[in-house]
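One structure is given below, encoded as structure tokens.
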Amino acid sequence: MPELPEVETTVRALRRPLVGRTIMGVRNTWPRHIALPSPEELQERIAGRRILGIDRRGKFLVFTLSEGETLIIHLRMTGHLSVVRADTPVDAHTHTIFRLEDGRELRFRNPRKFGRVYLVRDPQEVLGRLGPEPLEESFTVEALRRRLAGKKRQLKPLLLDQSFIAGVGNIYADEALYYARLHPLRRADTLSDEEVVALHTAIRMVLQMGLEHEGASIDRYVKPDGTRGSMQDVVSVFQRTGATCYRCGTPIERIIAGGRSTHFCPVCQPQEKGT
DNA sequence: ACCGGAGCCTGTTAGC
DNA sequence: TGCTAACAGGCTCCGG
């Protein structure tokens with residue numbers, strides 16, 4: 001499931017083959033893939049646009065195009081982008097294809113069909129409600145403290161909320177809480193100053209670790225070239241239910257928090273009174 | 001402000 | 001061994 005490190009890894013891999021290329025047209029076999037505008041209007045507006053740059057915001061890939069257009073793609077769970085020669089056989093799960101002027105294509109493979117494509121003139125229309133980027137310098141301990149203040153929600157669902165922090169998903173939320181030694185069900189407004197510092201450090205550390213490992217190849221994720229990241233080899237709790245905690249040897253537990261499977265060490269991340 | 005549940009999808013896995 | 005049913009997961013929308 002692509003989260004910040006997986007999306008950033010994808011962006012970095014796509015820059016070389018795509019920046020400077022011109023999109024000649026789009027083919028689509030699953031209209032709901034295209035959130036904005038209509039598939040017909042997408043075809044009209046994107047044809048002839050040049051890709052000027054590719055960036056990431058939260059879990060969104062943001063393609064800055066010529067003529068003031070912005071192409072935005074969200075991979076959701078099973079989305080995968082690759083650049084291949086146009087004569088490469090098309091995979092059964094590839095529903096949207098952008099044809100380039102150099103004889104290659106940007107292909108959006110998306111088995112579960114949750115991914116989305118947007119073409120907008122104002123990126124804020126799609127990205128406007130996202131919270132801060134956790135790896136930017138402006139995301140300070142103080143910034144996190146302010147955002148936690150008055151929040152009565154449990155930490156796990158809060159970390160998954162993209163308007164709270166952009167880019168954190170199930171894997172990195174569990175890992176961050178483990179390193180911060182915080183119970184996933186802990187109420188956000190009960191953290192001590194030291195615990196806020198620990199959470200801030202942990203969030204940035206696990207995301208950085210994910211970047212260095214080029215993502216976690218869990219549940220189908222692979223890089224654009226089809227090779228795997230290695231973050232899955234160094235996770236501490238995610239999907240390690242029943243395996244022993246590397247720190248204390250206690251079996252990792254799995255619970256449902258905010259409707260999401262959640263993994264933690266019951267000894268290293270003790271349940272607080274009243275939570 | 002926050003929570004829970006439904007819905008979107010289909011490959012994988014658990015259970016018979 | 002073969003089949004079906006449940007599950008997973010990011011995100012949005014809805015009702016409480």
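Protein chains get the first letters and strands the later ones, always in sequence-line order, with residue 1 at the start of each.
Partners of A:Asp225 by side chain to side chain contact (heavy atoms under 4.5 Å, CB included), not counting sequence neighbours, listed by chain and number: A:Lys223, A:Thr227. With sequence neighbours excluded, the residues forming a salt bridge (charged side-chain N to carboxylate O under 4.0 Å, His left out) with A:Arg146 are A:Glu142, listed by chain and number. By the side chain to side chain donor-acceptor pair (under 3.5 Å) test, A:Glu101 is found to be paired with A:Arg21, residues two or more places apart in sequence or in another chain being considered. A:Arg228 meets the side chain to side chain contact (heavy atoms under 4.5 Å, CB included) test with A:Ser217, A:Val222, A:Gln232; sequence neighbours excluded.
A salt bridge does not link A:Glu105 with A:Arg85: every distance from a Lys NZ or Arg NE/NH1/NH2 to an Asp or Glu carboxylate oxygen is 4.0 Å or more. Using a cutoff of 4.0 Å between basic side-chain nitrogens and carboxylate oxygens, A:Arg153 and A:Asp161 are scored as salt-bridged.
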Table of protein N/O atoms under 3.5 Å from nucleotides 3-8 of chain B N/O atoms:
residue, atom, partner, partner atom, Å
B:dC3, OP2, A:Arg153, NE, 3.0

Please list each protein N or O that sits under 3.5 Å from an N or O in nucleotides 12-14 of chain B, with the distance.
residue, atom, partner, partner atom, Å
B:dT12, OP1, A:Arg220, NH1, 3.4

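Nucleic acid contact for A:Arg254: sugar-phosphate only, since backbone atoms but no base atoms lie under 4.0 Å from a heavy atom of the residue. Heavy atoms of A:Ser261 sit under 4.0 angstrom from primed sugar atoms or phosphate atoms, though from no base atom.
Taking 4.0 Å as the cutoff to heavy atoms of chain A, we find the contact window on DNA chain C bounded by C:dA8 to C:dC11.
Taking only side-chain nitrogens and oxygens, A:His93 never comes nearer than 4.0 Å to OP1 or OP2 of B:dC9.
Checked against a 6.0 Å centroid threshold, the rings of A:His183 and A:Phe264 count as neighbours.
Each end of the helix from B:dC2-C:dG16 to B:dC16-C:dG2 gets its own rotation axis from five pairs of C1' atoms, and the angle between them is 60° to the nearest 10 degrees.
Connectivity analysis of hydrophobic side chains (ILVMFWY, heavy atoms under 4.5 Å, direct or indirect) links A:Leu130 to A:Leu36, A:Phe60, A:Val62, A:Ile72, A:Tyr118, A:Val120, A:Val126, A:Leu127. Through ILVMFWY side-chain contacts below 4.5 Å, A:Leu52 is grouped with nothing and stands alone. In this structure, A:Phe114 belongs to a hydrophobic cluster whose other members, linked by side-chain heavy atoms under 4.5 Å apart, are A:Met77.
In terms of position on DNA chain C, the residue among A:Met77 and A:Arg129 whose nearest nucleotide sits closer to the 5' end is A:Met77.
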**Message:** What verdict does the ring pair (Phe, Tyr, Trp, His ring centres under 6.0 Å) test give for A:His33 and A:Phe108, after you've listed the backbone C-alpha separation in whole Å, the side-chain angles of each residue and the deciding distance to 0.1 Å?
**Reply:** CA-CA 10 Å; A:His33 229 172; A:Phe108 188 7; 4.6 Å; yes

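For the pair A:His33 NE2 and B:dT10 C1', the computed distance is 13 Å after rounding to whole Å.
Only A:Phe238, A:Gln239, listed by number, bring a heavy atom of residues 232-243 of chain A to less than 4.0 angstrom from any atom of DNA chain C.
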